[in-house]
There are 2 protein chains.
Amino acid sequence: MKFSRTSQRRVILSELRKLKSHPTADELYTIVREKLPQISLGTVYRNLDQMAEAGIVQRLELCGRQKRFDGNIDRHYHMRCPDCGAVKDVENDRMSHVESILSDVLEDLDAEGFWIEFTGQCKDCNKPRVEII
Amino acid sequence: MKFSRTSQRRVILSELRKLKSHPTADELYTIVREKLPQISLGTVYRNLDQMAEAGIVQRLELCGRQKRFDGNIDRHYHMRCPDCGAVKDVENDRMSHVESILSDVLEDLDAEGFWIEFTGQCKDCNKPRVEII
DNA sequence: CCATTTTTAGTAATGATTACTATTTTTAAA
DNA sequence: TTTAAAAATAGTAATCATTACTAAAAATGG
Ligand SMILES: [Mn+2]
Ligand SMILES: [Mn+2]
Ligand SMILES: [Zn+2]
Ligand SMILES: [Zn+2]
């Protein structure tokens, strides 16, 4: 419930903050082990998750571990329920405007494409949100 | 290289097209087994991947399999290299405009948030493709 | 029919993540 | 400072989505 001050957590956070590489847990584990050779991979996973839940670090990506598929290959957008994991189509007229701006952004960045995903609890979701903190 | 016509592929595609649920491979496997009780899970995975590569179905992809973390919790955006999997910060003045439109979209949709990810090969990328998200 | 290519079912292996547990460390109050 | 409760740890095992492997079956294009 409350964060204890441990060298493991301090080093994990400070090393992560030094990096611009957006490491995976195991990549950070390799780095942290130079300072704390005895640290375990599980500790890195656990601390990153805890700190992400607390908003101290950012976890890149909203999707779950399982891939999802769609028979509709037209460009359209999805909203994922953070509680039950369901994915639903969403539609909004403003998205064509967003797309046109993002196509300019793609040129600026010399990027290939973009993905947008919305999050929101589904109306008929029966799983109650678990409040953290 | 060329798709043979098999009952497995036909049923997988037709059942996927019937659904609005954006199923995972194993969810679709359960459904397809009602028509083809002998089909194997591997066949469902393989066909979905092949058809996604061919653009016949859509794979909802935001993020690779490994989670990535960022010490910077300010809202900013990332570009993922489809070849080596590296994730880099990107910056563009137009994004504030995109954000303001999307905040309106959030109200329309009664959604909570959004996630945007760019894809693009990194300049110095020479690594072989690691994963196809 | 036949030779070649593709696909399959079934199973094993992989790999990221999470769960478990006995022990250690931290905390906060006495 | 002592101490009991709470939190966190290292090490390991288990989970589970996905991918790889393989011999057999099916599809293809004559
Ligand atoms: Mn859809
Ligand atoms: Mn970043
Ligand atoms: Zn829901
Ligand atoms: Zn790259």
Side-chain angles (χ1 to χ4, degrees), chain A residues 1-16 22-54 56-57 59-69 80 85 87 130 132-133, chain B residues 1-16 21-54 56-57 59-69 80 85 87 128-133:
Chain A
M1 205 65 200
K2 201 172 161 202
F3 280 142
S4 296
R5 291 180 191 176
T6 67
S7 56
Q8 290 89 343
R9 181 144 42 222
R10 180 175 44 75
V11 173
I12 288 169
L13 183 56
S14 69
E15 292 301 314
L16 175 60
H22 308 88
T24 60
D26 64 296
E27 287 168 353
L28 192 54
Y29 171 59
T30 301
I31 291 163
V32 167
R33 259 193 304 182
E34 292 174 19
K35 295 265 166 64
L36 300 172
Q38 299 307 318
I39 199 172
S40 75
L41 178 58
T43 296
V44 176
Y45 268 105
R46 182 170 11 84
N47 276 281
L48 285 172
D49 284 343
Q50 287 170 338
M51 291 191 290
E53 286 303 325
I56 297 166
V57 304
R59 188 164 38 206
L60 309 185
E61 70 216 309
L62 294 176
C63 63
R65 288 180 58 194
Q66 285 186 82
K67 292 169 188 169
R68 289 183 179 274
F69 297 85
R80 184 182 303 266
V87 173
V130 179
I132 296 132
I133 304 172
Chain B
M1 203 66 202
K2 200 173 162 201
F3 281 141
S4 297
R5 291 179 192 178
T6 66
S7 57
Q8 290 88 341
R9 181 142 45 221
R10 179 175 44 77
V11 173
I12 289 169
L13 182 56
S14 68
E15 292 301 314
L16 175 60
S21 61
H22 307 89
T24 61
D26 64 297
E27 287 168 352
L28 193 54
Y29 171 59
T30 301
I31 291 163
V32 167
R33 258 194 304 181
E34 292 174 18
K35 296 266 167 62
L36 299 172
Q38 299 308 316
I39 199 172
S40 74
L41 178 58
T43 295
V44 176
Y45 269 106
R46 181 171 12 84
N47 276 282
L48 285 172
D49 284 344
Q50 288 170 338
M51 291 191 289
E53 285 303 322
I56 296 166
V57 304
R59 186 165 41 204
L60 308 186
E61 43 204 320
L62 253 188
C63 76
R65 285 182 62 192
Q66 283 186 82
K67 291 172 186 167
R68 289 181 179 275
F69 298 85
R80 181 185 304 267
V87 173
R129 174 176 285 253
V130 169
E131 61 173 333
I132 311 169
I133 301 201

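Keep in mind the model is a prediction, meaning the values are calculated, not measured. Throughout, a chain's letter reflects where its sequence line sits, starting with A, and its residues are numbered from 1.
The CD-P distance, from B:Gln38 to D:dA24, rounds to 18 Å in whole Å. A straight line from CZ of B:Arg10 to C1' of D:dA27 spans 14 Å, rounded to a whole angstrom. Across the protein-nucleic acid pair, A:Tyr29 atom OH and C:dT17 atom C1' stand 14 Å apart, rounded to whole Å. Whole-Å rounding puts the B:Glu53 CD to D:dT19 P distance at 11 Å. C:dA12 atom C1' lies 14 Å from atom CG of B:Leu41, rounded to whole Å. Here C:dT17 presents its P atom at 7 Å from CG of A:Asp26, a figure rounded to the nearest Å. Between the CE atom of A:Met51 and the C1' atom of D:dA8 there is a distance of 13 Å, rounded to whole Å. A:Leu36 has its CG atom 8 Å from the P atom of D:dA10, to the nearest Å.
Residue B:Arg33 holds its CZ atom at 11.5 Å from CG of B:Leu36, rounded to the nearest 0.5 Å. To the nearest 0.5 Å, atoms CG (B:Asn47) and CZ (B:Arg9) are separated by 4.5 Å. Between the CD1 atom in A:Ile12 and the OG1 atom in A:Thr6 there is a gap of 7.0 Å [rounded to 0.5 Å]. The structure places CD of B:Glu15 at 14.0 Å from CD of B:Glu27, a figure rounded to the nearest 0.5 Å.
Of all heavy-atom pairs spanning B:Phe3 and B:Ile56, the tightest one is CE1-CD1, 3.5 Å. The shortest heavy-atom contact between B:Leu16 and B:Leu48 is CD2-CD2, 4.1 Å.
Distance from the side chain of B:Thr43 is smallest to C:dA9 among C:dA9, D:dT9, C:dT17. In this structure, of D:dA8, C:dT18, D:dT19, it is D:dA8 that holds the atom nearest to the side chain of A:Gln50.
At the heavy-atom level, A:Arg9 lies under 4.0 Å from the strands shown only through sugar-phosphate atoms.
Look at A:Arg46 and you'll find a side-chain N or O under 4.0 angstrom from OP1 or OP2 of D:dT9. A close approach under 4.0 Å does not occur between any side-chain nitrogen or oxygen of B:Tyr45 and OP1 or OP2 of D:dT19. Within the structure, every side-chain polar atom (N or O) of B:Ser40 is placed at least 4.0 Å from both OP1 and OP2 of C:dG10. Close to D:dA10, at under 4.0 Å from its OP1 or OP2, lies a side-chain N or O of A:Gln8.
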- Message: I'd like to compare against my own output: the B/S/- annotation of nucleotides 21-30 of chain C with a strict under-4.0 Å heavy-atom distance to protein.
- Response: -----SSS--
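For the residue pair B:Thr43/B:Arg46, the side-chain donor-acceptor check at 3.5 Å is satisfied.
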